[in-house]
**Student:** 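Input: one structure, supplied below.
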Amino acid sequence: MKTRRRRRTAVLAVTGLTSGLLLTAPQPASAANLIKNAGFETSGADGMPYCWEKSGWGDNDFTFEHTSDAHTGSKAMKVTLTRRVDGDRKALITESAECAPTVTPGKQYDLSLWYKSTTPDTAVTLFRHDAAAGWQYWTDLKTLQTAAGWTEASVRTPEVPAGTDRITWGVSVYGTGSATTDDYTMEQVPDVLPPATCTGTAQECADGRWDVLPTQNPVRSMHSVVLNNGKVLLIAGSGNSEEQFDAGTFTSAVYDPANGSYKIVPTPKDMFCAGHVQLQDGRVLVMSGNKAYPVVGGHGYEGFKDSYIFDPATETYTKTNDMNDGHWYPSATVMGNGDVLSFGGLREDSTGSVTAELFSQEEQRWQPLWKVNQTWSYWGLYPSMILMQDGRLFYSGSHVFGNNIPGTGAAIYDYDANTTTQIPGLQNKDERDQSASVLLPPAQDQKVLTLGGGNIDSNPNANRLTDVIDLKQPDPSYVAGPPIPQGTVDLGNGKVPQTGSQGKMYVSAVLLPDGKVLETGGALHNRADPVFESSLYDPDTGTFDPVAADPQARGYHSSSFLLPDGRVMSTGDNPGNGTWNHNVSIYTPPYLLKGTRPTITSVIDTEWNYGDTQRITVDRPIAKAELIRPAAVTHSSDPNQRFVDLPLSVDGNNVDLNVTSNPNLAPPGWYMLFGVDANGVPSVAKWVHLQGPAALSADTPSTFSVSDGTTAAPHVHTFADDLTGKVTGPGKKRTSQKVAPTVSGCDRHYGSINVCVPTAFPAKVKATTAARCTWLKANDYGRLKVNGKDDPLRLDPDRDGTACGKGDVKKSRRLP
């Protein structure tokens with residue numbers, strides 16, 4: 001697999017020229033155009049025009065030329081790379097109060113320039129000045145194709161982030177060749193929409209609305225995958241039911257939001273707690289699952305090696321070749337070339353798998369062990385492995401069951417170099433079991449939010465912690481975010497307000513088309529005490545806004561995910577007493593109650609390539625557009641969830657969308673395309689297919705064809721390139737990691753296999769038979785058979801084979 005190796009060269013300092021000797025009178029900005037010396041007519045020092053500076057980084061040979069080959073007037077700017085290993089060169093508006101245009105947060109700006117280029121490896125790049133943090137990279141907006149004659153390029157910025165007072169921009173050249181530019185313009189986009197009009201109650205317009213659907217989910221699904229036809233694959237397998245497992249009853253269902261129907265799909269094996277991800281063509285790769293349930297006094301859960309592909313067109317499963325190892329609870333991360341990397345889980349013998357697995361997009365099969373880089377690390381269960389813009393993986397610290405991995409609990413893993421670097425700052429790293437992590441909107445910003453979690457080993461109150469990391473920083477580390485808002489919790493005697501530091505595990509986090517994140521669902525303890533709370537996290541302000549809460553309990557084995565119409569669907573809940581919540585909830589966010597929605601009336605081409613400009617038409621103005629990768633979520637985990645900004649070029653109702661040149665920002669596959677107006681109201685999504693061409697296969701460089709037949713490379717930035725954390729390479733080859741049979745936090749000495757009596761009761765439960773039995777009764781466990789002769793939790797002191805009977809409570813005693 002070819003991923004982009006991180007670069008170790010330092011960024012060269014820009015050369016500011018505000019104090020340089022002017023050779024002619026300064027060319028001012030016009031009344032509409034915010035750029036001074038937009039045509040390079042006024043000279044400065046060091047061969048650069050007034051108010052323009054040299055910038056760039058990396059190992060390359062370059063020249064800057066204030067040339068007479070102009071579009072208008074007598075001067076233009078030419079940047080040439082004659083040799084390149086990595087990095088780029090660009091002429092930027094000088095980063096100064098004198099030269100950099102002033103901007104207003106929340107506003108957008110139309111940028112344009114004229115250019116000629118001998119290389120397709122060029123992009124319009126923006127930097128912004130934060131009043132507190134200073135100058136920093138903002139985003140790439142548009143890839144410029146080769147052009148022998150003068151060609152105009154235009155693009156609209158996203159809304160200017162809060163705290164930004166100035167921006168600078170120019171053309172990055174990151175391939176051998178030259179780009180000559182002239183006649184830059186920058187104009188503020190006028191406000192075009194009236195204020196939104198509320199179409200619901202005042203409370204609904206502020207907080208949204210939850211509706212419980214009249215038809216229940218027919219299967220005990222714990223895996224939810226949104227398909228490229230708008231339907232939802234709901235995978236249950238045995239549904240955490242030993243009875244169904246013994247009967248060989250393995251199920252899935254396909255839900256159609258258009259008519260509310262469910263279709264039961266034959267399921268070839270127990271895909272309970274498998275891994276899954278959408279492949280480039282929209283089919284779903286499902287890996288491993290449950291080979292066997294635990295046996296008291298014997299083995300724990302076992303994962304099998306089998307793997308299957310689900311085809312949305314036929315709604316059937318077909319088998320792939322086997323993986324190299326068993327993986328119950330594996331990760332699944334799609335890479336920029338369409339390959340899939342998978343880590344962690346339990347093997348066929350219940351031990352932890354230390355085998356990394358690689359599914360080849362080109363060969364459509366799992367690769368043999370000798371073809372896959374191995375560190376022989378145990379990443380735990382469902383480790384959240386998020387693809388970074390340079391092809392490395394960020395392990396966020398979110399996982400399932402028990403303590404985190406050794407070290408700081410977060411890391412950057414470089415597959416090509418086969419190294420792992422510790423990343424600091426994650427709070428309470430051993431209490432982030434079944435937390436959620438998302439790459440925040442837009443993916444170009446490279447920020448990750450991690451929220452909530454607990455610890456099944458010790459079963460404390462779940463926490464309210466959030467942590468945010470900016471992976472654009474040279475040496476990134478987590479910083480504490482705002483606490484999750486508190487709601488109510490059902491402790492077995494009705495709902496009461498949460499207090500103190502009470503938060504939630506089993507939390508779901510969903511990226512929304514307005515750029516916010518819905519966090520919802522959860523529970524205070526291991527498969528008990530559901531929490532009723534939802535809120536919207538705003539990445540721009542770093543704050544939570546409490547909204548309406550799902551009326552249904554959504555703890556263990558629940559899922560929440562975005563539908564193509566902009567609503568959110570929530571399913572499942574599997575408390576410790578073994579029951580299942582078949583009710584389905586639908587959340588209507590406030591943005592759907594603000595009046596008429598914009599409509600994407602046509603998509604000229606649904607087959608997209610990296611670096612493309614793609615045209616759509618809309619019925620009224622939109623402020624932004626984005627691609628959202630459809631959900632493939634289970635156990636609070638969907639590391640492939642991402643929101644990719646598509647900068648606009650607007651001509652009336654025709655809107656040209658500028659697609660990133662970097663497949664690591666938007667791995668190949670089917671995406672939901674949303675257009676969003678200035679009030680944050682999204683269209684219904686259209687489906688588009690972003691392809692990773694053959695040139696992105698494992699044996700070729702990361703280049704790809706664009707529409708004019710030339711080739712372009714991904715513009716990869718030098719982010720997270722000065723890490724100081726502990727670095728480890730491949731360890732000694734080994735077979736597995738020892739894992740306790742109680743890894744799931746359940747003591748199997750009591751009840752049936754799908755009943756989870758906690759190995760550690762919440763701290764509020766006194767260590768007496770009576771107190772524990774009272775807690776179990778309040779959580780609807782019912783009568784519990786004692787399996788075998790052991791009674792480790794002292795729930796059957798009268799030794800009649802039934803836990804928590806009348807005689808047991810009478811014989812209650814304090815336990816060691």
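The figures here come from the full heavy-atom set of this structure, side chains too, leaving out hydrogens, waters and symmetry mates.
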**Student:** Whether the side chain of Asp433 engages the backbone of Gly454 through a donor-acceptor N/O pair (distance < 3.5 Å, no angle test) should be reported.
**Tutor:** no

**Student:** Side chains of Thr571 and Tyr255: is there a donor and an acceptor less than 3.5 Å apart?
**Tutor:** no

**Student:** Okay, side chain of Tyr671, backbone of Val644: is any donor-acceptor separation there less than 3.5 Å?
**Tutor:**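 The answer is no, because no donor-acceptor pair under 3.5 Å joins these two groups.
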
**Student:** Tell me whether Asn459 contacts the main-chain N or O of His525 through its side chain, where contact means a donor paired with an acceptor under 3.5 Å.
**Tutor:** no

**Student:** Where the side chain of Arg283 meets the backbone of Asp311, is there a donor-acceptor pair that is under 3.5 Å apart?
**Tutor:**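 Absent.
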
**Student:** Less than 3.5 Å apart, any donor N or O on the side chain of Asn583 or Gln552 sitting next to an acceptor on the other?
**Tutor:**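 Note: Asn583 and Gln552 side chains meet the donor-acceptor criterion.
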
**Student:** Between His557 and Asn240, is there a donor-acceptor pair closer than 3.5 Å when you use the side chain of the first and the backbone of the second?
**Tutor:** no

**Student:** Give, for atom CG of Leu593 and atom OG1 of Thr197, the distance between the pair rounded to the nearest 0.5 Å.
**Tutor:**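 Here the interatomic distance stands at 12.0 Å.
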
**Student:** Strictly by modelled atom types, are Ser384 and Ser637 linked by a side-chain donor-acceptor pair under 3.5 Å?
**Tutor:**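 Per modelled atom types, Ser384 and Ser637 side chains form no pair under 3.5 Å.
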
**Student:** Would you compute the distance between atom CZ of Arg629 and atom CE of Met672 and round it to the nearest 0.5 angstrom?
**Tutor:** 10.5 Å

**Student:** Taking all non-hydrogen atoms of both residues, which atom of Ala625 and which atom of Ile622 are closest, and how far apart?
**Tutor:**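 Looks like CB-CD1, 4.4 Å.
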
**Student:** Can you list the steps and then say if Phe310 with Val254 is a side-chain contact (heavy atoms from CB on, under 4.5 Å)?
**Tutor:** CA-CA 11 Å; Phe310 180 84; Val254 174; 3.9 Å; yes

**Student:** Are Val334 and Leu387 close enough, and set up right, to give a side-chain contact (heavy atoms from CB on, under 4.5 Å), and what steps lead you there?
**Tutor:** CA-CA 8 Å; Val334 63; Leu387 180 65; over 6 Å; no

**Student:** Where is the tightest heavy-atom contact between Pro441 and Val517, given as atom of each residue plus distance?
**Tutor:** CD-CG2, 4.1 Å

**Student:** Sub-3.5 Å donor-acceptor pair from the side chain of His223 to the main-chain atoms of Ala632, do we have one?
**Tutor:**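 No.
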
**Student:** Under the rule for salt bridge (Lys or Arg N to Asp or Glu O under 4.0 Å), what residues qualify as partners of Asp211, not counting sequence neighbours?
**Tutor:**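 Here the qualifying residues are Arg209.
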
**Student:** Considering non-hydrogen atoms only, spot the tightest contact between Ile386 and Ser396 and give its length.
**Tutor:** CD1-CB, 4.5 Å

**Student:** Taking atom CD as the centre, does Gln203 end up with more than 12 heavy-atom neighbours from other residues, nucleotides or ligands that are less than 6.0 angstrom away?
**Tutor:** no

**Student:** Could you check whether any side-chain heavy atom of Phe359 comes within less than 4.5 Å of a side-chain heavy atom of Val277, counting everything from C-beta outward?
**Tutor:**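 Heavy-atom side-chain distance check fails, nothing below 4.5 Å.
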
**Student:** Less than 3.5 Å apart, any donor N or O on the side chain of Thr320 or Ser307 sitting next to an acceptor on the other?
**Tutor:**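 Yes, a side-chain donor-acceptor pair sits under 3.5 Å.
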
**Student:** Aromatic contact between Tyr329 and Tyr301, with the criterion being ring centroids under 6.0 Å apart: yes or no?
**Tutor:**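 Ring centres of Tyr301 and Tyr329 not closer than 6.0 Å.
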
**Student:** Please determine whether a side-chain nitrogen of the Lys or Arg among Arg432 and Asp467 lies less than 4.0 Å from a carboxylate oxygen of the Asp or Glu.
**Tutor:** yes

**Student:** Should Phe401 and Leu346 count as side-chain neighbours, where that means a heavy-atom distance under 4.5 Å?
**Tutor:**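 A side-chain contact under 4.5 Å is absent here.
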
**Student:** Check whether any side-chain heavy atom of Lys231 lies under 4.5 Å from a side-chain heavy atom of Lys263, and answer yes or no.
**Tutor:**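 Counting from C-beta outward, Lys231 and Lys263 never come under 4.5 Å.
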
**Student:** Return yes if a side-chain donor-acceptor contact under 3.5 Å exists between Tyr587 and Ser560, otherwise no.
**Tutor:** no

**Student:** Would you say that Leu592 contacts Thr199 through its side chain, given a criterion of any heavy-atom pair below 4.5 Å between the two side chains?
**Tutor:** no

**Student:** Check the orientation of Phe761 and Trp775. Use parallel for under 30°, tilted for 30 to 60°, and perpendicular for over 60°.
**Tutor:** perpendicular

**Student:** Indicate whether any N or O donor in one side chain lies under 3.5 Å from an N or O acceptor in the other, for Ser252 and Thr267.
**Tutor:** yes

**Student:** Please report the interatomic distance OG(Ser224) to CG(Leu233), rounded to the nearest 0.5 Å.
**Tutor:** 8.5 Å

**Student:** Side chain of Asp565, backbone of Val684: donor and acceptor closer than 3.5 Å?
**Tutor:** no

**Student:** Could you pull out the closest heavy-atom pair between Tyr591 and Pro513, with the gap in Å?
**Tutor:**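 So the minimum-distance heavy-atom pair works out to OH-CD, 3.2 Å.
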
**Student:** What about the rings of Phe272 and Tyr293, do their centers lie closer together than 6.0 Å?
**Tutor:**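 Yes, ring centres under 6.0 Å apart.
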
**Student:** Going from CG on Asp638 to CG on Leu562, what distance comes out if it is rounded to the nearest 0.5 angstrom?
**Tutor:** 11.0 Å

**Student:** Arg620 side chain to Leu193 main-chain N or O, any donor-acceptor pair under 3.5 Å?
**Tutor:**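 Absent.
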
**Student:** Can you tell me if Asn679 uses its side chain to pair, donor with acceptor, with the backbone of Val681 under 3.5 Å?
**Tutor:**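 Such a contact is absent between Asn679 side chain and Val681 backbone.
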
**Student:** Is there side-chain contact between Leu627 and Val688, with heavy atoms separated by less than 4.5 Å?
**Tutor:** yes

**Student:** Could you walk me through whether Asn577 and Asn779 pass the side-chain contact (heavy atoms from CB on, under 4.5 Å) check?
**Tutor:** CA-CA 7 Å; Asn577 60 28; Asn779 284 278; 5.6 Å; no

**Student:** Is any side-chain heavy atom of Leu451 closer than 4.5 Å to a side-chain heavy atom of Tyr537?
**Tutor:**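 Side chain of Leu451 against side chain of Tyr537, heavy atoms only: no contact under 4.5 Å found.
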
**Student:** Write down the atom of Met505, the atom of Gly453, and the distance for their closest heavy-atom approach.
**Tutor:** CB-C, 3.8 Å

**Student:** So how far is it from Tyr506 OH to Ser636 OG, rounded to the nearest 0.5 Å?
**Tutor:**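 OG of Ser636 is found 9.0 Å from OH of Tyr506.
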
**Student:** What I want to find out is whether Lys624 reaches Asp645 closely enough, with some N-O distance under 4.0 Å, to be called a salt bridge.
**Tutor:** no

**Student:** Show the nearest heavy-atom pair for residues Ala523 and Gly555, with the distance to one decimal.
**Tutor:**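 Smallest heavy-atom distance, with atoms named: CB-CA, 4.5 Å.
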
**Student:** Hey, could you give me the CG/CG distance between Leu536 and Asp514, rounded to the nearest 0.5 Å?
**Tutor:** 7.5 Å

**Student:** Are the side chains of Glu243 and Asn754 in contact, using a 4.5 Å heavy-atom criterion?
**Tutor:** yes

**Student:** Assess Lys269 against Phe304: is NZ or CZ under 6.0 Å from the centre of the six-membered ring, and within 45 degrees of the ring's axis?
**Tutor:**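 Yes, cation above the ring, under 6.0 Å and within 45°.
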
**Student:** Which donor-acceptor pairs under 3.5 Å do the side chains of residues 496-504 make with protein atoms, sequence neighbours left out?
**Tutor:**
{"from": "Gln498", "atom 1": "OE1", "to": "Gly487", "atom 2": "N", "distance (Å)": "3.0"}
{"from": "Gln498", "atom 1": "NE2", "to": "Gly503", "atom 2": "O", "distance (Å)": "2.8"}
{"from": "Gln502", "atom 1": "OE1", "to": "Thr499", "atom 2": "N", "distance (Å)": "3.1"}
{"from": "Lys504", "atom 1": "NZ", "to": "Glu519", "atom 2": "OE1", "distance (Å)": "2.8"}
{"from": "Lys504", "atom 1": "NZ", "to": "Gly521", "atom 2": "O", "distance (Å)": "2.8"}
{"from": "Lys504", "atom 1": "NZ", "to": "Glu533", "atom 2": "O", "distance (Å)": "3.0"}
{"from": "Lys504", "atom 1": "NZ", "to": "Glu533", "atom 2": "OE1", "distance (Å)": "2.6"}

**Student:** Determine yes or no for a side-chain-to-main-chain donor-acceptor pair under 3.5 angstrom, with Asn640 supplying the side chain and Ala332 the backbone.
**Tutor:**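 Yes, because the side chain of Asn640 sits within donor-acceptor range (under 3.5 Å) of the backbone of Ala332.
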
**Student:** So do Pro682 and Arg597 actually touch side chain to side chain, heavy atoms under 4.5 Å?
**Tutor:**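 Arg597 reaches Pro682 side chain to side chain.
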
**Student:** Does Lys764 NZ have over 12 foreign heavy atoms under 6.0 Å away?
**Tutor:** yes

**Student:** Please check if any side-chain donor atom of Thr520 sits under 3.5 Å from a side-chain acceptor atom of Ser508, or the reverse.
**Tutor:** no

**Student:** Would Phe561 and Gln641 satisfy side-chain contact (heavy atoms from CB on, under 4.5 Å), going step by step from the backbone distance to the final call?
**Tutor:** CA-CA 10 Å; Phe561 46 91; Gln641 189 178 189; over 6 Å; no

